[in-house]
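Below is one structure, written out as structure tokens; the observations come after it.
Along the sequence shown, residues are numbered consecutively beginning with 1.
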Amino acid sequence: MENKTERAGAGSEGVLSMVGTPIGNLGDLTSRAARAFRDADVICCEDTRVTSKLLAHLGVSKPLIRCDENVIARRVPELVDRLLAGERIAFASDAGMPSVSDPGQVLVDAAREAGVRIEVLPGPSACVTALVLSGIPCDQFFFEGFLPRKHGERVKRLRQLAPIPGALLFYESPHRVEASLEAIAEVFPGRVVALCRELTKLHEEVLRAPAPELLERVRERGGLKGEMVIVAAPPSEEELGRLQAVFAAGEDDGSVADPEELLHADIAECLAAGETANAIAKRLSQKYSRKKRDVYNLVLEAQQGA
């Protein structure tokens with residue numbers, strides 16, 4: 001039986017194989033991907049439990065190294081050394097293409113810098129699958145990945161993406177999907193949006209409607225399960241023209257307002273309504289994902305300037 005030392009000494013070349021894996025249906029695993037797992041000396045993966053199930057399906061038993069986003073950076077030097085010594089390493093995310101909203105890119109960069117041969121084994125991709133399934137024009141598109149966690153930052157990022165003349169793609173989890181759709185409906189009230197979930201699985205589903213209507217449908221359904229992809233239609237010519245005119249003039253209108261300006265406007269409105277500084281700070285700090293003390297100081301400044 002050939003050992004790794006003999007193979008490395010014989011001048012064999014190490015290879016890093018970035019392997020695309022099924023996003024739900026095991027039938028989508030390619031024969032080339034299966035062969036890469038069988039030929040690998042070691043397999044790097046996000047979650048060893050997930051990849052173990054895939055390997056069991058193939059009847060393959062290989063050493064696994066956990067390389068999720070929390071540990072991959074410190075594992076890279078050792079992995080590059082093993083590649084330079086002639087080992088074959090396969091890298092797989094839990095589902096889909098590694099490095100696409102998944103760890104892996106840092107290893108690719110380090111391996112390329114070290115002169116290691118890298119191969120990519122194409123496979124399923126949730127974002128592209130959802131784009132085609134959504135029925136939204138897909139000749140141009142922009143993949144954002146996950147939106148920020150805080151509402152204010154989420155809205156700000158969506159406003160930055162608003163002028164892009166193509167479909168917008170977002171990944172989302174079940175417990176955050178309603179909040180993301182709320183922000184999308186706020187920023188893109190006139191756009192059609194598709195929510196694609198359980199892709200390639202038995203209960204695959206696409207919910208498609210204007211953004212505010214889709215938000216209400218999701219709220220009514222409640223408890224949606226499965227990983228999800230949100231696809232927002234491109235801006236209409238009217239919306240795009242309006243956005244371009246706003247940016248060219250260096251001004252804002254309601255659809256691209258600066259969150260900081262909105263906060264100051266809300267403070268002024270609350271003061272005019274007779275609310276106390278403490279009550280305003282408590283409510284608006286939650287709305288804009290800001291520290292209560294910071295908002296409270298802004299309220300005091302507004303009171304002094306009145």
Side-chain angles (χ1 to χ4, degrees), residues 142 144-173 175-193 195 209-220 230-306:
F142 181 89
E144 171 70 3
F146 289 92
L147 285 166
R149 293 181 177 275
K150 295 182 178 180
H151 179 76
E153 294 175 2
R154 191 182 296 128
V155 168
K156 181 178 180 180
R157 180 55 182 158
L158 286 169
R159 287 181 174 134
Q160 292 171 341
L161 297 173
I164 293 176
L168 302 176
L169 282 73
F170 310 96
Y171 282 166
E172 200 47 271
S173 58
H175 68 280
R176 290 190 359 165
V177 67
E178 186 175 320
S180 287
L181 288 175
E182 181 179 347
I184 290 170
E186 177 180 337
V187 181
F188 304 141
R191 297 196 197 184
V192 171
V193 176
L195 175 63
E213 180 182 331
L214 179 61
L215 172 61
E216 290 307 312
R217 289 174 62 183
V218 170
R219 282 174 172 167
E220 290 172 0
I230 299 171
V231 185
S236 64
E237 290 187 9
E238 179 183 356
E239 180 185 356
L240 188 57
R242 177 168 48 82
L243 289 168
Q244 291 172 339
V246 167
F247 292 141
E251 301 173 350
D252 277 336
D253 66 4
S255 64
V256 291
D258 182 353
E260 198 69 21
E261 293 181 7
L262 288 174
L263 172 57
H264 284 280
D266 271 353
I267 289 173
E269 184 177 340
C270 293
L271 288 173
E275 288 189 57
T276 65
N278 190 58
I280 295 171
K282 181 178 181 180
R283 182 160 61 82
L284 295 186
S285 63
Q286 295 175 347
K287 178 177 179 180
Y288 289 93
S289 299
R290 297 280 294 271
K291 292 181 179 179
K292 182 181 176 181
R293 180 178 295 275
D294 291 344
V295 177
Y296 185 81
N297 289 335
L298 291 175
V299 175
L300 294 182
E301 291 175 5
Q303 286 177 325
Q304 293 169 1

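The distance from the CD1 atom of I280 to the CG atom of L271 is 4.0 Å, given to the nearest 0.5 Å. Distance check, rounded to the nearest 0.5 Å: CG of L300 to CD1 of I267 gives 9.5 Å.
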Exercise. Given the rule in the side chain to side chain contact (heavy atoms under 4.5 Å, CB included) test, do K292 and L284 qualify, once you have shown the distances and angles that lead to the verdict?
Worked result: CA-CA 8 Å; K292 182 181 176 181; L284 295 186; over 6 Å; no
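In this structure P210 satisfies the side-chain contact (heavy atoms from CB on, under 4.5 Å) test together with P212, E213, sequence neighbours excluded. For E269, there are no side chain to side chain donor-acceptor pair (under 3.5 Å) partners, not counting sequence neighbours. Scored by the side-chain contact (heavy atoms from CB on, under 4.5 Å) test, E178 finds L215, R219 as partners (sequence neighbours excluded). Applying the side chain to side chain donor-acceptor pair (under 3.5 Å) criterion to R149, with sequence neighbours excluded, gives no partner residue. For Y171, the ring-ring contact (aromatic ring centres under 6.0 Å, His included) partners at least two apart in sequence or on another chain are F143, F146. The side chain to side chain donor-acceptor pair (under 3.5 Å) search around N297 returns none, not counting sequence neighbours. Partners of A179 according to the side-chain contact (heavy atoms from CB on, under 4.5 Å) rule, which considers only residues two or more places apart in sequence or in another chain, are R154. Residues passing the side chain to side chain donor-acceptor pair (under 3.5 Å) test with E186, sequence neighbours excluded: H151. In this view, F142 satisfies the ring-ring contact (aromatic ring centres under 6.0 Å, His included) rule with no residue, not counting sequence neighbours. Taking the salt bridge (Lys or Arg N to Asp or Glu O under 4.0 Å) definition, one finds that R217 meets it with nothing, sequence neighbours left out.
Using a 4.5 Å heavy-atom threshold, the side chains of I230 and L169 count as separate. Taking the side chain as every heavy atom from C-beta outward, L161 and E144 approach each other to under 4.5 Å.
For the pair R191 and F188, the cation-pi criterion (under 6.0 Å, within 45° of the ring axis) is fulfilled.
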